[in-house]
Colleague: 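The structure follows.
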Amino acid sequence: MTAVTVPTSTKFDLGPARALLCRECGNETPLAPEYACLECFGPLEVAYDFGKIRREDIEAGPRSIWRYRGLLPVPSTVEQHPNTDPGGTRLVEAHNLAKALGVRKIWVKDDTGNPTHSFKDRVVGVALAAARELGFKVLACPSTGNLANAVAAAAARAGWKSVVLVPSNLERAKILMSAVYEGALIAVDGNYDDVNRLAQELAAENEDWAFVNVNVRPYYAEGSKTLGYEVAEQLGWRLPDQIVVPIASGSQLTKVDKAFRELGQLDLVEASPYKVFGAQATGCSPISAAFKAGHDVIRPVRPDTIARSLAIGAPADGPYVLDAVRRTNGAIEDVTDEEVVEGIKLLARTEGIFAETAGGVTVATAKKLIESGQLDPDAETVLLITGDGLKTLDALGDTIGPRATVPPSAEAVIKALG
């Protein structure tokens, strides 16, 4: 399952990355464009030899994910190449939301401020940097929408060609946000799992195409760690007590957990206990179902939810999500489409933050976990809001709109206000 054949003696400048490590059998593979273990076919992830990392060196870096380049599999020259410079998004202390939910303190990590308005700019930034070093020429992906936007934009900025595959029933806003960059956007009749299978076939046939979440997935996935790094730094170099993370493939949750562990191991933060909670939409909740049943195996499902950015019926990182959540004494919950919409509205009216459906899943799940007693109301909690509500306007349907339509008179306005 090798995307590109390279000599084993080839040396790549990928920062502190030492090798690719099998998450199942522990076998190490030299750094290369590989994503599956040749011994057991398990998934690979990046292993590191970190040097001395100091807070002051990070703080002196750029206001983007590249301030953490000493913790990522990217070349030392990453900032010298055109890229979208993702990251550096705000962490909002959500007083009004905390009051509405009846908890002591909630922070919202608002990643809608990224270049294409989702956290996917982070993972694509790392994937592009690694793909350039590994010798690829085309940036590509299968996507539920946000990744398509990020890949198309990053490729345009870098002067690369792009090939983006999406389900044909994707939200129109996300299709337009990918098409505007004028790369190759292909709509496929089928769901995300169908599109992903097609991408794997194309990756095998086109050796110079870097499918960011397929043949360079080990590098791409590390970009999600920057969410964890930023949260800890923005909290004053400490870990939150609890964090709620939306789940699609599950990679984001596992990498935020990895980031927290790395920060503790490197003495950048005190290695204090924390709990990781996962959020899914009920219409696509295979990991939540496995968690509740006490299973270790994820049974694939056919997605049926308005939260299309989370609609992955066969999540690749599902078993590792279960491991992380159980190890940290967290939980995984799911919410209905109606609860998702209410979650979007709740965050908007309390904090002025308009989240896409994935954010609605996160907020609604946090509410449900609080009500069930699984999420401690006295513990400091972070919610990850990973995409902008302008991308999923259709999900709100007729649930919002003008209070009234009136003639142009002050009297009519006062009357409408009740």
Colleague: We want to know whether K120 and N114 form a side-chain donor-acceptor pair, criterion being a heavy-atom distance below 3.5 angstrom.
Modeller: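 K120 vs N114: no donor-acceptor pair found between side chains.
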Colleague: Working to the nearest 0.5 angstrom, can you tell me the gap between Q242 CD and T328 OG1?
Modeller: 10.0 Å
Colleague: Find out whether T29 and L21 are in side-chain contact, i.e. whether some heavy atom of one side chain is under 4.5 Å from a heavy atom of the other.
Modeller: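 Not in contact.
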Colleague: Verify whether one side chain among T112 and D388 offers a donor that lies under 3.5 Å from an acceptor in the other.
Modeller: no
Colleague: Please determine, by modelled atom types, if T350 and N96 share a side-chain donor-acceptor pair under 3.5 angstrom.
Modeller: no
Colleague: Using side-chain heavy atoms (C-beta onward) and a distance below 4.5 Å, is C284 in contact with V301?
Modeller: yes
Colleague: Which pair of non-hydrogen atoms, one from E39 and one from C25, has the smallest distance, and what is that distance?
Modeller: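 In terms of heavy atoms, the two residues are closest at CB-SG, 4.3 Å.
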Colleague: Between K225 and E262 (salt bridge meaning N to carboxylate O under 4.0 Å), is one present in this structure?
Modeller: yes
Colleague: Side chains of S372 and Q374: is there a donor and an acceptor less than 3.5 Å apart?
Modeller: yes
Colleague: Between the side chains of T392 and E356, is a donor N or O closer than 3.5 angstrom to an acceptor N or O?
Modeller: no
Colleague: Does R326 reach the main-chain N or O of D323 with its side chain, forming a donor-acceptor pair under 3.5 Å?
Modeller: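 Here the side-chain-to-backbone pair does not exist.
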Colleague: Within the supplied structure, the quantity of interest is the number of heavy atoms (other residues, nucleotides, ligands) at a distance under 6.0 Å from D57 CG; does it exceed 12?
Modeller: yes
Colleague: Start with the C-alpha distance between D334 and S288, add both sets of side-chain angles, then the distance that settles side-chain hydrogen bond (donor to acceptor under 3.5 Å, both in side chains), and finish with yes or no.
Modeller: CA-CA 6 Å; D334 57 89; S288 177; 2.6 Å; yes
Colleague: Check P142 against N213 and note the closest heavy-atom contact, atom names and distance.
Modeller: CD-OD1, 2.9 Å
Colleague: Indicate the atoms forming the closest heavy-atom contact of A203 with V214, along with that distance.
Modeller: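 In terms of heavy atoms, the two residues are closest at CB-CG1, 4.3 Å.
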Colleague: Decide side-chain contact (heavy atoms from CB on, under 4.5 Å) for V163 and L185; before the verdict, give the C-alpha distance in whole Å, the side-chain angles of both, and the deciding distance to 0.1 Å.
Modeller: CA-CA 6 Å; V163 178; L185 174 64; over 6 Å; no
Colleague: Check the surroundings of atom NZ in K161: do more than 12 heavy atoms from other residues, nucleotides or ligands lie under 6.0 Å from it?
Modeller: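 At most 12 heavy atoms, drawn from other residues, nucleotides or ligands, come within 6.0 Å of this atom.
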Colleague: Between the side chain of D337 and the main-chain N/O of I306, is any donor-acceptor distance below 3.5 Å?
Modeller: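 Indeed, once roles are kept as given, a pair shorter than 3.5 Å links the two residues.
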Colleague: Mind checking ring pair (Phe, Tyr, Trp, His ring centres under 6.0 Å) for F260 and listing every partner two or more places apart, or none if nothing turns up?
Modeller: Y274
Colleague: State whether a side-chain donor-acceptor pair under 3.5 Å links T84 with D121.
Modeller: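 T84 vs D121: no donor-acceptor pair found between side chains.
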Colleague: Mind checking the OG1-NE2 spacing from T386 to H117? Nearest 0.5 Å is all I need.
Modeller: 14.0 Å
Colleague: So, E270 side chain and R238 main chain: donor-acceptor pair closer than 3.5 Å or not?
Modeller: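 Checking the backbone N and O of R238 against the side chain of E270, no donor-acceptor pair under 3.5 Å is found.
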Colleague: What's the verdict on side-chain contact (heavy atoms from CB on, under 4.5 Å) for L263 and Y229, showing C-alpha distance, side-chain angles and the deciding distance?
Modeller: CA-CA 8 Å; L263 291 174; Y229 297 152; 3.8 Å; yes
Colleague: Got a salt bridge between R217 and D317, using NZ or NE/NH1/NH2 to carboxylate O under 4.0 Å?
Modeller: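 Between D317 and R217 there is a salt bridge, with a charged N closer than 4.0 Å to a carboxylate O.
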Colleague: Counting N and O atoms only, with roles assigned by atom type, does the side chain of R104 sit under 3.5 Å from a partner on the main chain of A379, one being a donor and the other an acceptor?
Modeller: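 Checked: no pair found.
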Colleague: Measure the CG-OH distance between L44 and Y35 for me, rounded to the nearest 0.5 Å.
Modeller: 10.0 Å
Colleague: Any luck finding a side-chain donor-acceptor pair between D241 and T381 under 3.5 Å?
Modeller: no
Colleague: Has the side chain of N196 got a donor or acceptor atom that lies under 3.5 Å from a matching backbone atom of Y192?
Modeller: no
Colleague: With a 4.5 Å heavy-atom cut-off, do E230 and L91 have their side chains touching?
Modeller: no
Colleague: I would like to know whether V166 and K174 meet side-chain contact (heavy atoms from CB on, under 4.5 Å); could you show each step before the answer?
Modeller: CA-CA 10 Å; V166 298; K174 289 181 179 176; over 6 Å; no
Colleague: When the ring planes of Y48 and F50 are compared, do they come out parallel, tilted or perpendicular, using 30° and 60° as the limits?
Modeller: parallel
Colleague: Can you name the residues that form a side-chain hydrogen bond (donor to acceptor under 3.5 Å, both in side chains) with T89, not counting sequence neighbours?
Modeller: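 Listed in chain order: K109, D111, R122.
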Colleague: Please determine whether salt bridge (charged side-chain N to carboxylate O under 4.0 Å, His left out) holds for the pair E93 and K105, giving the CA-CA distance in whole Å, both sets of side-chain angles, and the decisive distance to 0.1 Å.
Modeller: CA-CA 8 Å; E93 187 170 1; K105 181 171 285 189; 3.6 Å; yes
Colleague: Other residues, nucleotides and ligands only: do more than 12 of their heavy atoms fall within 6.0 Å of CD on E182?
Modeller: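 No.
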Colleague: Does V78 offer a backbone N or O that forms a donor-acceptor pair with the side chain of R69 under 3.5 Å?
Modeller: no
Colleague: Calculate, to the nearest 0.5 Å, the distance between atoms CG and CG belonging to D376 and L369 respectively.
Modeller: 12.0 Å
Colleague: Is it true that E333 and K292 have a side-chain N and a carboxylate O under 4.0 angstrom from each other?
Modeller: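 A salt bridge is present here (some side-chain N lies under 4.0 Å from a carboxylate O).
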Colleague: Any non-hydrogen side-chain atom of Y181 less than 4.5 Å from a side-chain atom of T116?
Modeller: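 Yes; the side chains approach each other to less than 4.5 Å.
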Colleague: For the backbone of I106 and the side chain of E380, can you confirm whether one donor and one acceptor N or O come within less than 3.5 Å of each other?
Modeller: no
Colleague: Is the number of heavy atoms from other residues, nucleotides or ligands within 6.0 Å of CZ (R55) greater than 12?
Modeller: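 Atom CZ in R55 is packed in, count exceeds 12.
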Colleague: With a 3.5 Å cut-off and no angle check, do the side chains of N215 and W209 form a donor-acceptor pair?
Modeller: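 No.
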Colleague: Taking the side chain as every heavy atom from C-beta outward, state whether V164 and I186 have any atom pair closer than 4.5 Å.
Modeller: no
Colleague: Would a 4.5 Å heavy-atom cut-off, applied to side chains only, mark N149 and S118 as touching?
Modeller: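 No, too far: nothing below the 4.5 Å cut-off.
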Colleague: Measure the shortest side-chain to side-chain distance between V244 and L375 over non-hydrogen atoms and say whether it is less than 4.5 angstrom.
Modeller: yes
Colleague: Looking only at side-chain N and O atoms, does T336 offer a donor or acceptor that is under 3.5 Å from a partner on E339?
Modeller: yes
Colleague: Specify the closest pair of heavy atoms between I53 and G70, including all atoms of both residues, with the distance to one decimal.
Modeller: CD1-O, 3.8 Å
Colleague: When rounded to the nearest 0.5 angstrom, what distance separates CG in L134 from CG in L14?
Modeller: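 Spacing of CG (L134) from CG (L14) equals 5.5 Å.
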Colleague: Which heavy-atom pair separates V108 from A94 by the least distance, and what is that distance?
Modeller: CG2-CB, 3.9 Å
Colleague: With distance as the sole test, does T362 use its side chain to make a donor-acceptor pair with the main-chain N or O of L383 at under 3.5 Å?
Modeller: no
Colleague: Give every residue pair that meets the salt bridge (Lys or Arg N to Asp or Glu O under 4.0 Å) criterion with at least one member in residues 245-260, sequence neighbours excluded.
Modeller: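 Pairs touching residues 245-260 that pass the test: E45-K255, E45-K258, E222-K255, E222-K258, D257-R261, D257-R327.
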Colleague: Keeping N191 on the side-chain end and D193 on the backbone end, is there a donor-acceptor pair under 3.5 Å?
Modeller: yes
Colleague: For A148, is there any backbone N or O sitting under 3.5 Å from a side-chain donor or acceptor partner on S143?
Modeller: yes
Colleague: Contact between P62 and D85 at the side-chain level, heavy atoms closer than 4.5 Å - yes or no?
Modeller: no
Colleague: Do E233 and Y68 have side-chain N/O donor and acceptor atoms under 3.5 Å apart?
Modeller: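 Short answer, yes.
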Colleague: Taking atom OG of S168 and atom CG of D194, what is their separation to the nearest 0.5 Å?
Modeller: 10.0 Å
Colleague: Any chance you could lay out the side-chain contact (heavy atoms from CB on, under 4.5 Å) test for V92 and W107, step after step, and finish with the verdict?
Modeller: CA-CA 5 Å; V92 178; W107 298 88; over 6 Å; no
Colleague: Looking only at heavy atoms, which two atoms of A355 and L347 are closest? And how far apart?
Modeller: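 Distance-wise, the nearest heavy atoms are CB-CD2, 3.9 Å.
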Colleague: Does K368 come within less than 4.0 Å of E371, counting only side-chain N to carboxylate O?
Modeller: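 Salt bridge between K368 and E371, a charged N being under 4.0 Å from a carboxylate O: no.
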